[in-house]
Amino acid sequence: MNDIFNGPYDPKSVEEKIYKQWEESGYFNPDNLPTKKSAKPFTIIMPPPNANGSLHLGHVIPITLEDIMIRYKRMKGFKTLWLPGADHAGFETQVVYEKKLEKEGRSRFKIHPEQLWQEIWDFTQHNKKTMENQVRRLGASCDWSREKFTLDPDIISKTQDTFIQMHKDGLIYRGERLVNWCTKHQTGLSDLEVNYETRKDPLYYIKYGPFTLATVRPETKFGDTALAVNSKDKRYKKYIGKEFEVESIIGKTKIKVIGDDAIDPKFGTGVVKVTPAHDQTDFEIWQRHKDEIPGPREIINKFGKMDLIRHFPDSDEAKKYEGLKINEARKLIVEDMQKRGLIEKIDNTYEHEVGVCYKCGTIIEPRLMAQWFVKMKPLARPAIDIVKKNKIKFIPVRLKKIYFHWLKNIRDWNISRQIVWGIQIPAWQCQECGEWIILKEKPLKCSKCKTSKIERDPEVFDTWFSSGQWPFLTLGYPNEKDYKNFYPTSVMETAADILPFWVMRMIVIGLYRTKKIPFRHVYFNGLIRDKKGQKMSKSKGNVVNPLDIIELYGTDALRMSVIIGNTPGNDLNFFEDKVRGYRNFANKIWQASRFVLMNAETFKYSTSLSKKIKMTASDRKRLKELESLKKKVTKQMDTFKFHLAAEELYHYFWHTFADKIIEENKNRLKEETMKSAEDRTAAQYLLLQILTESIKLLHPFMPFITEEIYQNLPTKGMEFLMVNKW
RNA sequence: GGGUGCUUAGUUCAGUGGUAGAACGCUUCGUUCACAUCGAAGAGGUCACAGGUUCGAUCCCUGUAGCACCCACCA
């Protein structure tokens with residue numbers, strides 16, 4: 001017997017070697033698999049990890065789950081493709097890089113965009129390489145020869161094609177809208193990238209002509225273009241449509257009262273000042289009353305400072321507040337208003353939700369900007385239908401509700417980002433007449449005024465605009481062989497929290513662009529949390545590096561610990577004791593295999609042997625039991641119940657095979673106690689048979705140890721367990 | 001203000017319309033050559049609460065409470 005079995009199982013000496021063998025075998029690539037011609041494809045596109053750091057424990061769950069599915073299907077004879085990738089992760093990465101710059105005492109705003117781009121490129125390429133090796137350590141059997149990066153030239157080009165096609169189809173428009181503006185990062189954000197925090201802010205009741213109204217933002221007064229009341233409000237009905245001259249700190253101005261149903265008569269005094277340039281609701285009110293009232297007047301600039309003089313050149317007050325930050329301005333203005341008796345009262349108990357940047361927590365300043373938008377309503381409808389008809393199945397099903405809720409209430413999608421790190425928008429503007437031309441290459445002349453003064457839109461796409469096309473772009477839509485062979489993909493396995501960001505958009509754009517569903521199943525895994533159920537984050541200091549765990553306990557143990565007890569869509573708490581338990585299990589497998597092999601040295605295996613073996617009734621019972629286990633586990637695998645399958649196998653191997661079957665057969669194996677050579681052969685056969693099958697069933701979950709043992713079995717058929725028949 | 005999920009052993013969590021399950025931890029015993037990263041035996045639960053459906057509910061329905069998360073333009 002091979003003496004590698006001496007001592008406890010040592011993952012370190014096995015894992016690296018085995019992975020290398022697998023990779024060299026070429027079997028990660030479906031083109032090399034010994035599959036039948038009629039074999040069906042099974043495809044998973046790996047959600048590309050962000051190339052702005054290294055893998056953390058949160059990546060272990062998805063990669064393990066995907067690997068389990070892939071290995072299972074590969075053994076089932078499918079033509080399996082698991083395509084890995086990495087995401088440039090636009091804004092996310094730029095934020096990470098900016099923090100790095102800050103530490104070095106540099107600022108993004110002082111670096112030439114091209115240089116900044118190059119620096120971030122180098123940064124991501126470096127991270128990408130580290131991450132690839134980490135993915136290997138996890139045992140991922142993905143096809144590295146097909147790996148993609150979201151900034152590969154073909155991905156960039158085809159992402160732009162989609163934009164151009166959408167434009168042709170009338171789905172893209174450039175609109176002056178209020179954008180969620182982060183004054184720190186100097187970029188607009190999508191609605192999804194805004195978090196809301198509960199804040200306590202003074203609510204000022206200010207006098208406004210014949211009215212008193214409540215506001216938390218008196219400083220936006222200078223941008224007011226109307227007053228609004230609910231059109232059904234009896235108290236104020238008579239004022240609607242009338243214009244008033246009001247006294248304010250910058251003198252007298254005229255302002256009109258309008259009626260709008262968005263106003264809640266019960267809030268404050270039921271009167272609202274309308275500031276369309278700095279408030280989403282007010283902007284919408286203005287859009288409904290465009291003919292009656294003046295448009296937005298911007299009085300806060302992109303740095304979050306007062307910008308008044310250009311609107312009120314003759315006002316001394318305007319000069320006084322000019323350039324002040326919002327908070328400073330507010331304080332001063334309130335003081336001045338109090339001096340003039342314009343403040344009736346201040347309510348200090350008021351709590352409300354304030355939108356903040358999801359990265360830095362800076363209060364979002366709604367800001368009027370021209371941006372590219374995708375019309376979502378027409379795209380949402382087919383995406384709703386397809387899931388309703390169950391053409392795409394959700395695991396767990398309950399998340400469909402969230403999906404529908406999102407799509408039914410969807411608003412147009414702002415896809416412009418004011419950063420350098422991303423895919424450039426293929427849009428060009430004539431500097432003479434302002435005409436926009438949507439083309440990949442720079443046009444020679446403006447299509448309207450025929451001049452050649454044309455500049456590129458310096459902005460880039462929201463990163464989700466390109467990741468939303470990931471399943472078909474990675475496969476080489478529309479003409480590549482892979483696209484024809486492997487699309488639609490089989491399963492999209494991803495974290496539940498990016499359903500609206502990513503899954504929804506992949507379905508929406510996938511349907512639009514390919515006229516096909518991008519995947520048949522979506523499997524949502526939960527987030528990994530620490531022992532106490534808290535989110536892991538660097539600032540809390542509870543981050544666990546998966547490689548440290550692997551060093552201690554091995555990859556197989558780590559994999560088992562994140563699979564067992566992990567149900568789709570639910571979060572999972574991580575603790576080291578659990579991993580230790582499965583490290584012990586790995587050793588159990590190792591020792592049991594050692595015992596079986598030790599006692600099988602006299603055993604000559606051949607496929608025709610099984611007929612000659614004299615099995616006892618209890619042997620047959622044990623084999624039957626094994627058969628029913630196989631059936632049960634197969635069914636669980638087919639229905640995505642990996643946590644149950646893994647637990648079932650764990651229990652069978654340890655408490656049935658090792659504790660019972662091996663024990664009850666010991667006497668049949670020893671020279672001194674055996675009944676006959678024939679009976680010994682039967683016992684050897686039984687144990688080898690059960691061991692071989694158990695190892696196969698365990699392989700998707702614990703690929704390294706099972707492969708290593710398999711290669712030492714006299715019963716092995718193929719060169720690798722990885723491609724052995726399930 | 002809406003929505004979703006969770007509440008089961010000391011802990012972390014599975015699970016089922018019909019005597020409650022696992023892992024870890026705990027207690028007692030065991031050092032005969034597969035394994036002390038082990039074995040044997042064991043303690044430990046009104047399955048959040050209150051109603052309802054049912055022959056029977058931890059499971060299905062309704063409501064309540066606590067926790068977690070998501071969404072929302074009430075200034």
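So that the names make sense, note that chain A is the first sequence line, chain B the second, and so on, each numbered from 1.
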Chemist: In whole Å, what separates the P atom of B:C60 from that of B:A14?
Modeler: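 To the nearest whole Å, 15 Å.
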Chemist: Please give, in whole Å, the distance from B:A34 P to A:Ile709 CD1?
Modeler: 17 Å
Chemist: Side chain of A:Gln591 only, heavy atoms from C-beta on: which candidate in B:C35, B:U4, B:G39 is closest?
Modeler: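 Looking only at side-chain atoms, A:Gln591 lies closest to B:C35.
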Chemist: Less than 3.5 Å apart, which donor and acceptor atoms pair up between the side chains of residues 493-501 of chain A and the rest of the protein, not counting sequence neighbours?
Modeler:
none

Chemist: Determine the Euclidean distance between corresponding P atoms of B:A48 and B:U8; express it in Å to zero decimal places.
Modeler: 6 Å
Chemist: Measuring only the P atom in each nucleotide, how far is B:C6 from B:A20? A whole number of Å is fine.
Modeler: 23 Å
Chemist: Within the 4.0 Å heavy-atom criterion, would you say A:Asp282 contacts the bases, only the backbone, or no part of the nucleic acid?
Modeler: nothing
Chemist: Does a donor on one side chain sit under 3.5 Å from an acceptor on the other, for A:Asp619 and A:Tyr685?
Modeler: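 Short answer, no.
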Chemist: Expressed as a whole number of angstroms, how long is the span from A:Leu669:CG to B:A34:C1'?
Modeler: 12 Å
Chemist: Does atom NZ (A:Lys207) have a neighbourhood of more than 12 heavy atoms from anything else shown, all under 6.0 Å?
Modeler: yes
Chemist: Test of understanding: with salt bridge (Lys or Arg N to Asp or Glu O under 4.0 Å), list the residues that count as partners of A:Glu576, not counting sequence neighbours.
Modeler: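 Applying salt bridge (Lys or Arg N to Asp or Glu O under 4.0 Å) to A:Glu576 gives none.
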Chemist: Taking the same atom, P, in B:A40 and in B:G52, what whole-Å distance lies between them?
Modeler: 47 Å
Chemist: Write down the distance separating the C1' atoms in B:A22 and B:G17, rounded off to the nearest Å.
Modeler: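 B:A22 and B:G17 have their C1' atoms separated by 23 Å.
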Chemist: Rounding to an integer number of angstrom, what distance separates B:G18 and B:U12 when you compare their C1' atoms?
Modeler: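 B:G18 and B:U12 have their C1' atoms separated by 29 Å.
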Chemist: Can you tell me how far C1' of B:C69 sits from CD of A:Glu353, to the nearest Å?
Modeler: 14 Å
Chemist: Within 45 degrees of the ring normal and closer than 6.0 Å to the centroid, is that where the cationic atom of A:Lys588 sits relative to A:Tyr650?
Modeler: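 No - A:Lys588 does not lie over the ring of A:Tyr650 by the 6.0 Å and 45° rule.
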Chemist: Among B:A75, B:C73, B:C35, which nucleotide has an atom closest to any side-chain atom of A:Lys588?
Modeler: B:C35
Chemist: Decide yes or no, distance alone: a donor-acceptor N/O pair under 3.5 angstrom between the base of B:A34 and the side-chain of A:Glu663.
Modeler: yes
Chemist: Starting at CZ of A:Arg288 and ending at P of B:C73, how long is that distance when rounded to a whole Å?
Modeler: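 Between P of B:C73 and CZ of A:Arg288: 13 Å.
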Chemist: For A:Lys331, does the NZ atom sit with more than 12 other heavy atoms under 6.0 Å from it, leaving out its own atoms?
Modeler: no
Chemist: Think A:Arg529 has a side-chain N or O under 4.0 angstrom from the OP1 or OP2 of B:A68?
Modeler: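 So the side-chain polar atoms of A:Arg529 never come under 4.0 Å of the phosphate oxygens OP1 or OP2 of B:A68.
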Chemist: Nearest whole angstrom, please: distance from the P of B:C70 to the CZ of A:Phe524.
Modeler: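 Computing the A:Phe524:CZ to B:C70:P distance gives 16 Å.
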Chemist: With P as the reference atom in both, quote the distance from B:U28 to B:U64 in angstrom, rounded to an integer.
Modeler: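 The same atom, P, in both gives a distance of 49 Å.
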Chemist: Contact class for A:Ala658 (heavy atom, under 4.0 Å): base, sugar-phosphate, or nothing?
Modeler: base
Chemist: Quick one: which of B:C35, B:C71, B:A75 gets closest to the side chain of A:Asp279?
Modeler: B:A75
Chemist: Return the stems involving RNA chain B, sorted by first number, where pairs are Watson-Crick (N1-N3 with N6-O4 or O6-N4) or G-U wobble (N1-O2 and O6-N3), both under 3.5 Å, and runs are 3 or more long.
Modeler: B:1-7 with B:65-71, B:10-13 with B:21-24, B:26-30 with B:38-42, B:48-52 with B:60-64
Chemist: Under 4.0 Å between any heavy atoms, over every strand shown, what does A:Lys666 touch: base, sugar-phosphate, or nothing? Just pick one.
Modeler: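 It contacts base atoms.
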Chemist: Send over the distance from A:Arg398 CZ to B:C70 C1', rounded to a whole Å.
Modeler: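 Checked: the CZ to C1' distance equals 12 Å.
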Chemist: If you find the nucleotide of RNA chain B closest to A:Asp659 and the one closest to A:Ile263, which residue's nucleotide is nearer the 5' end?
Modeler: A:Asp659
Chemist: Is it true that a side-chain atom of A:Arg668 and a backbone atom of A:Ala682 form a donor plus acceptor pair closer than 3.5 Å?
Modeler: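 Here the side-chain-to-backbone pair does not exist.
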Chemist: Treat primed atoms plus P, OP1 and OP2 as sugar-phosphate and everything else as base, then score nucleotides 9-29 of chain B 5' to 3': B for base contact with protein heavy atoms under 4.0 Å, S for sugar-phosphate contact only, - for none.
Modeler: ---SSSS------SSS-----
Chemist: Using only modelled atom types and a 3.5 angstrom limit, is any donor from either the side chain of A:Arg583 or the base of B:U37 paired with an acceptor on the other?
Modeler: yes
Chemist: Under a 3.5 Å threshold, yes or no: a donor from one side chain and an acceptor from the other, between A:Asp261 and A:Ser231?
Modeler: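 Present: a donor and an acceptor within the cut-off.
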Chemist: If you assign A:Phe501 and A:Lys273 each to the RNA chain B nucleotide with the nearest heavy atom, which residue ends up on the more 5' nucleotide?
Modeler: A:Phe501
Chemist: Not counting sequence neighbours, which residues clear side chain to side chain contact (heavy atoms under 4.5 Å, CB included) with A:Val354? List them please.
Modeler: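 Partners of A:Val354 by the side chain to side chain contact (heavy atoms under 4.5 Å, CB included) criterion, ordered by chain and then number, come out as A:Arg199, A:Asp201, A:His352, A:Ile363.
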Chemist: I need the CG-C1' distance between A:Asn409 and B:G1, as an integer number of Å.
Modeler: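 My rounded result for the distance is 14 Å.
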Chemist: Would you verify whether the NZ or CZ of A:Lys273 falls within 45 degrees of the ring axis of A:Phe211 while also being under 6.0 Å from that six-membered ring's centre?
Modeler: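 No, cation not above the ring by the 6.0 Å, 45° rule.
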Chemist: Once salt bridge (Lys or Arg N to Asp or Glu O under 4.0 Å) is applied, do any residues pair with A:Glu219, and if so which ones, sequence neighbours excluded?
Modeler: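 Expected list: A:Arg217, A:Arg330.
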Chemist: Examine the side chains of A:Asn414 and A:Asp462 and answer whether a donor and an acceptor come within less than 3.5 Å of each other.
Modeler: no
Chemist: Between B:G66 and B:U37, how far apart are the two C1' atoms, rounded to whole Å?
Modeler: 40 Å
Chemist: Rounded off to whole Å, could you give me the CD1-to-C1' distance for the A:Ile402 and B:A68 pair?
Modeler: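 Rounding to the nearest Å, CD1 of A:Ile402 and C1' of B:A68 are 13 Å apart.
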Chemist: Out of B:G5, B:G39, B:C74, which has the shortest distance to the side chain of A:Lys401?
Modeler: B:G5
